[in-house]
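Everything numeric here is computed off the predicted structure, so don't read it as measured data. Order of the sequence lines sets the chain letters (A, B, ...), proteins ahead of strands, with each chain counted from 1.
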There are 4 protein chains.
Amino acid sequence: MHPGRRKRTLMTDQSVTKRTPTMTEASPRRRRKEARPAEVLEAALETFARKGFSATRMDDVAARAGIAKGTIYLYYPSKEALFEAVVREYLVENIARAEAALAHPAPTHAERLRRAVGIMGQVILDPRRAALPKLVLADGGMFPEIARFYRREVVGRGLGLLAGIVRAGIAAGEFRPVDPEAAVRLFVSPILITALWQITFSPVEEHSMPPETLLALHADLFLRGLCVSPPEGDR
Amino acid sequence: MHPGRRKRTLMTDQSVTKRTPTMTEASPRRRRKEARPAEVLEAALETFARKGFSATRMDDVAARAGIAKGTIYLYYPSKEALFEAVVREYLVENIARAEAALAHPAPTHAERLRRAVGIMGQVILDPRRAALPKLVLADGGMFPEIARFYRREVVGRGLGLLAGIVRAGIAAGEFRPVDPEAAVRLFVSPILITALWQITFSPVEEHSMPPETLLALHADLFLRGLCVSPPEGDR
Amino acid sequence: MHPGRRKRTLMTDQSVTKRTPTMTEASPRRRRKEARPAEVLEAALETFARKGFSATRMDDVAARAGIAKGTIYLYYPSKEALFEAVVREYLVENIARAEAALAHPAPTHAERLRRAVGIMGQVILDPRRAALPKLVLADGGMFPEIARFYRREVVGRGLGLLAGIVRAGIAAGEFRPVDPEAAVRLFVSPILITALWQITFSPVEEHSMPPETLLALHADLFLRGLCVSPPEGDR
Amino acid sequence: MHPGRRKRTLMTDQSVTKRTPTMTEASPRRRRKEARPAEVLEAALETFARKGFSATRMDDVAARAGIAKGTIYLYYPSKEALFEAVVREYLVENIARAEAALAHPAPTHAERLRRAVGIMGQVILDPRRAALPKLVLADGGMFPEIARFYRREVVGRGLGLLAGIVRAGIAAGEFRPVDPEAAVRLFVSPILITALWQITFSPVEEHSMPPETLLALHADLFLRGLCVSPPEGDR
DNA sequence: GATGAATGAGTATTCATTCAT
DNA sequence: GATGAATGAATACTCATTCAT
């Protein structure tokens, strides 16, 4: 973007997230210093989410984090690096949560999908986390590395996980024989759209539909469409 | 000193598309002049779509349109005005196409929805048109007027149209008694996601799933979930 | 998008001259920082005086001040604000000097006026100070606020002061009964014209009349015209 | 000012004022064409007077003259040339009027000066004409040629004329033996200041002193100061 | 480490000037 | 001759980045 800025790859830079969680953090001053990068990251997430990459000023991030502008550069060598750190940090967190949630066992495969809706909804309806897909969408074009990373680590792994459930359901005769890859894309679409919708329109919308209603209907409709025989207690 | 920037509302400014109704336009220069605003708009759409509002430079737009930078300002008084004109122009076009398509009659309400998928897919899979939702999502936060406009004129009207079909289908006993407002949101989600997906990941993806496959499965699954009795010839 | 330019009134902004009351300022950098606004102001005065508002480039001001362009904006939010600060700063200084000088007592009212010529001549013949009336003249049309301020604070107060002397002289039977308001306008005219003349023609004039000669004759002629009985030792 | 603009001397360019006043101008169309340069000049005078050179846009001049922007360039090759033509045209006119007026005979030299005040007041209180000294003061710094021209042709000739009267008055024993060069400078100062005052403060002043009052007092005071024995009928 | 004043390359916008019609 | 669309150099202002304190 800006000429003469060093362009590091997304994955190789680990120097920043130097967290020592195992150590019993003692003095408040020490604690503060240790927490700095995370505080900056959070301030950056909120600012990037609201304005996008280009329109975010380092001043804004610093002000929101309650530190001086120059201090950011102690932890992140450039605005781009900060952006990438934000995306990576919160993305990885999102993935971990979703994976953990999806791993829970359930009586039927339909039930597992139904729970997946709940879990993903919970994760993504937190405005802090919903910001991620939006950022990837908005600025991914200028950060191919981020788009690639998101595609591989978030979308790829998430869809893979879900596709495994669908595949198992088909094998068990519970689901109709559809293309699992395609089915899971359809499955996550309303969840994503709901998150993006919230972010985009909540400032300009007086009365919006509660996401829970939407996602409940989604689970019903989708499973009814997918299952060989409709689930019993269907409303 | 500095002449006040006109800050026009999104809807009221029609001054730019001053096309003369006479058909037999003669000189090439005249022809050029008439076509300018549209050429600028197209160049701007492509650049805004690729970079977002902030990262787009007027130089880029001018270069892409093959004109001098100052020429843009002959037709649009500011970068913001240009952005709004782009969104308005192509949004309105999108709406008109979609509405026309949805108006087509069909034997069953399910069939109307199925056709709607096809139509909307066609519209939105054109990268030029898919850029619009992306722009609204990416930069709507900084242009509340545009978000509002999009919410009202595109989302509102589109969902209203579809909700009418769903409502009719329910009344006819063809669809199950679901919340039509919620159902249509679910209905359009995969279509939107497919469009956004294309834009976001096609530059970084080697082998992607064909959108047609996805949308066909969507129609099947969704209608099977919605209809009282599954359509017969369902695969 | 673009943060709104603050358009402040001429009088209310005191934010720039934030001088710390502590006397023992230490580091050279600190000293530099404190002196910056005044340095910028002086460079701006010279440049505005030479070129007028419109033709002055911020680059020129910066270069003359020996700083980077952006640094100006650390202290003054816009070219207009800088201009107004210049006028206000030096105008106020002029007024203060002139008032102090006029307050001096003298044996006769004629003598007070004669001293006023000397004082005002001293003040206004400094090219740095003479620039102010010229700026008000040249750019006051585009800065009505400045014209108003100058009219009120400089012309109004100055003329009021002088009119008081004339009125006292008339009451004392020393001066003929003329309109004091009109008389003082005539009184200051040659002083102002002399200042403007210096500025305008000194670059293109080989041999000019020394202002002191002019002002001495002015005092003689004017007082002889004004006094009931001509002053004694008149040449 | 602007690099790469041709800089012609002030006097040598006569190509523009191609007026044929002796010809009986016939058709309205022909008349229009003939009058063009003068109309442009008048529009330019008003705009320059109001805004100064730099802040005047060719668009404004064209709009005020009721012609297209490009048309100005048919008569004047650049903005600078236009400015110079304006100053020259109206300056020369001013001089001619003043000289004619001053040539009138009168019983005493004091009376000739008194009439000169009236004449010059008439000339200079017309806002159109008062603009000239203002332009020279405001923009003369950037147009040394104009300053020089004004100094030589207006100030020089005007002061010379008046100095002649003063010199004659002294020789005749009517005036006291003062430096004529200095005296006439003092003589014209209030007249100039009055004109400049009108231009500068009339937009921001609610109730101003009538110039006639001022100039009448000026003539009285000045002549009383200058004459050996005060004029009789002095108020 | 932390600060924030200073920098200067970058960008939106203006406007004198040109020239095809 | 007249026009006004087009040009592009000029300029106010921004903001990521640096570095002396």
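Taking atom CG on D59(B) and atom C1' on dA12(E), their separation rounds to 9 Å, with Å as the unit. Between the CG atom of L82(D) and the C1' atom of dT17(E) there is a distance of 13 Å, given to the nearest Å. Between the P atom of dC19(F) and the CD1 atom of I72(A) lies a distance of 18 Å, rounded to the nearest Å. Whole-Å rounding puts the I67(C) CD1 to dG4(E) P distance at 20 Å. Across the protein-nucleic acid pair, K51(B) atom NZ and dT11(E) atom C1' stand 13 Å apart, rounded to whole Å. Y73(D) has its OH atom 6 Å from the P atom of dA16(E), to the nearest Å. As a whole-Å value, the separation of Y76(C) OH from dA12(F) C1' is 18 Å. The separation between M58(B) atom CE and dT7(F) atom C1' is 15 Å, rounded to whole Å.
Checking side-chain atoms of T56(D) against main-chain N and O of T47(D) turns up a donor-acceptor pair under 3.5 Å. Checking side-chain atoms of Y76(A) against main-chain N and O of P37(A) turns up a donor-acceptor pair under 3.5 Å.
Each of T56(D) and A68(A) was assigned the nucleotide of DNA chain E with the nearest heavy atom; the assignment lying further toward the 5' end belongs to A68(A). Both L74(B) and K69(C) lie near DNA chain F, and the one whose nearest nucleotide falls closer to the 5' end is L74(B).
Listed here is the closest heavy atom pair of L45(D) and A131(D): CD1-CB, 4.2 Å. Here the closest heavy-atom approach between residue M142(D) and residue K51(C) is recorded as SD-O, 3.5 Å.
Residues passing the side-chain hydrogen bond (donor to acceptor under 3.5 Å, both in side chains) test with R57(B) are D60(B), sequence neighbours excluded.
Under the 4.5 Å side-chain criterion, counting only non-hydrogen atoms from C-beta, L82(D) is in contact with M58(D).
Between Y75(A) and the phosphate of dA2(E), there is a side-chain N or O to OP1/OP2 separation shorter than 4.0 Å. Phosphate proximity of dA16(E) to K79(D): present, with a side-chain N or O under 4.0 Å from OP1 or OP2.
Nearest to the side chain of R57(C), among dT11(F), dT17(F), dT7(E), sits dT11(F). Comparing dC13(F), dT17(F), dT7(F) by their nearest atom to the side chain of T71(B) picks out dT7(F).
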Original post:
Under a cut-off of 3.5 Å for both distances of each Watson-Crick or G-U pair, what dot-bracket string does DNA chain F give, using [ ] for crossing pairs and | for inter-strand pairs?
Top reply: .||||||||||||||||||||
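Ring-plane geometry between F48(D) and F53(D) is classed as parallel, the angle between the planes falling under 30 degrees on a 0 to 90 degree scale with a further cut at 60.
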